[in-house]
Amino acid sequence: MAENAKWYVVHTYSGYENAVAAAILKAAENRRMTDLIQEVNIPMETVTEHTDAGEKTYERKVFPGYVLVKMILTDESWHLVRNVRGATGFVGSEGKAIPLTEQEIYDLGVEHKEIIVGFAVGDTVKVTDGPLEGFLGTVDELDAERETVRVIVSMFGRETPVDLELDQVEPVEQ
């Protein structure tokens with residue numbers, strides 16, 4: 001399949017999220033469509049309540065009544081998900097399934113991409129993009145969560161800190 005799988009949101013009857021998720025996976029397996037329907041996720045969060053009896057920690061659904069499905073959208077996969085008992089349809093306009101954006105997926109914490117940085121604080125890097133393209137500098141700070149790096153570059157004889165995205169710099173071989 002040339003098309004990449006995307007995340008879609010399926011609306012379910014409240015309380016049927018687990019049953020719908022299991023039924024989608026089972027139906028995909030039975031119909032040999034696991035290449036089209038790849039993953040099903042119910043976003044959960046850990047909640048700690050402080051009561052008179054003490055602390056109580058439990059998992060709860062972030063979006064009750066919704067299930068996330070990573071799939072390649074075809075007529076067959078759409079019908080399979082749409083016809084699962086407990087699923088009322090895809091979230092979208094006029095019955096059309098609309099995939100989640102990369103930012104929405106990241107914000108929901110559904111998929112985590114691992115960032116491997118080829119440099120550390122104190123290393124010399126070259127700026128590969130933006131107005132300072134071609135400048136050399138020294139890494140002053142790394143923030144992997146925000147995917148940013150602070151580089152000290154020398155401009156007009158002065159040391160100047162510049163905040164850049166991780167993909168805007170590359171390590172310089174020494």
Next item on the list: Measure the spacing between CD1 of Ile105 and NZ of Lys6 and express it to the nearest 0.5 Å.
Entry: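 Nearest 0.5 Å value for the CD1-NZ distance: 9.5 Å.
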Please list, chain by chain and in numerical order, all residues satisfying side-chain contact (heavy atoms from CB on, under 4.5 Å) with [X], sequence neighbours excluded.
X: Thr128; result: Glu170
X: Leu25; result: Val40
X: Leu142; result: Val117, Phe119, Val139, Val149, Leu166
X: Ala23; result: Val84

Notebook entry, point to check: To which residues is Val47 joined in a hydrophobic cluster, defined by side-chain heavy-atom contacts under 4.5 Å among Ile, Leu, Val, Met, Phe, Trp and Tyr, whether direct or through other members?
Noted result: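 Traced through the cluster, Val47 reaches Tyr58.
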Could you tell me which residues satisfy side-chain hydrogen bond (donor to acceptor under 3.5 Å, both in side chains) with [X], sequence neighbours excluded, listed by chain and number?
X: Thr101; value: Glu104
X: Asn18; value: none
X: Thr46; value: Glu59
X: Thr88; value: His11

Notebook entry, point to check: Under the salt bridge (Lys or Arg N to Asp or Glu O under 4.0 Å) test, which residues partner Glu45, sequence neighbours left out?
Noted result: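 Here the qualifying residues are Arg60.
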Notebook entry, point to check: Looking at residues at least two apart in the chain, or sitting in another chain, which of them share a salt bridge (Lys or Arg N to Asp or Glu O under 4.0 Å) with Asp129?
Noted result: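 For Asp129 there are no salt bridge (Lys or Arg N to Asp or Glu O under 4.0 Å) partners, ignoring immediate neighbours.
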Next item on the list: Kindly state each residue pair satisfying salt bridge (Lys or Arg N to Asp or Glu O under 4.0 Å) with at least one member in residues 151-164, sequence neighbours excluded.
Entry: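 Counting only pairs at least two positions apart or across chains, the salt bridge (Lys or Arg N to Asp or Glu O under 4.0 Å) contacts touching residues 151-164 are Arg150-Asp163.
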Check: Counting distance only, does the side-chain N/O of Asp123 pair as donor-acceptor with the main-chain N or O of Ala120 below 3.5 Å?
Finding: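 Confirmed, Asp123 side chain pairs with Ala120 backbone.
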Note to self: Test your reading of the model: is there a side-chain donor-acceptor pair from Ser77 to the backbone of Ile72, 3.5 Å cut-off?
What the structure shows: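 It does hold such a pair.
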Margin query: Before you tell me yes or no, could you show the steps for Phe90 and Val9 under side-chain contact (heavy atoms from CB on, under 4.5 Å), namely the whole-Å CA-CA distance, both residues' side-chain angles and the distance that decides it to 0.1 Å?
Written below: CA-CA 6 Å; Phe90 285 93; Val9 181; over 6 Å; no
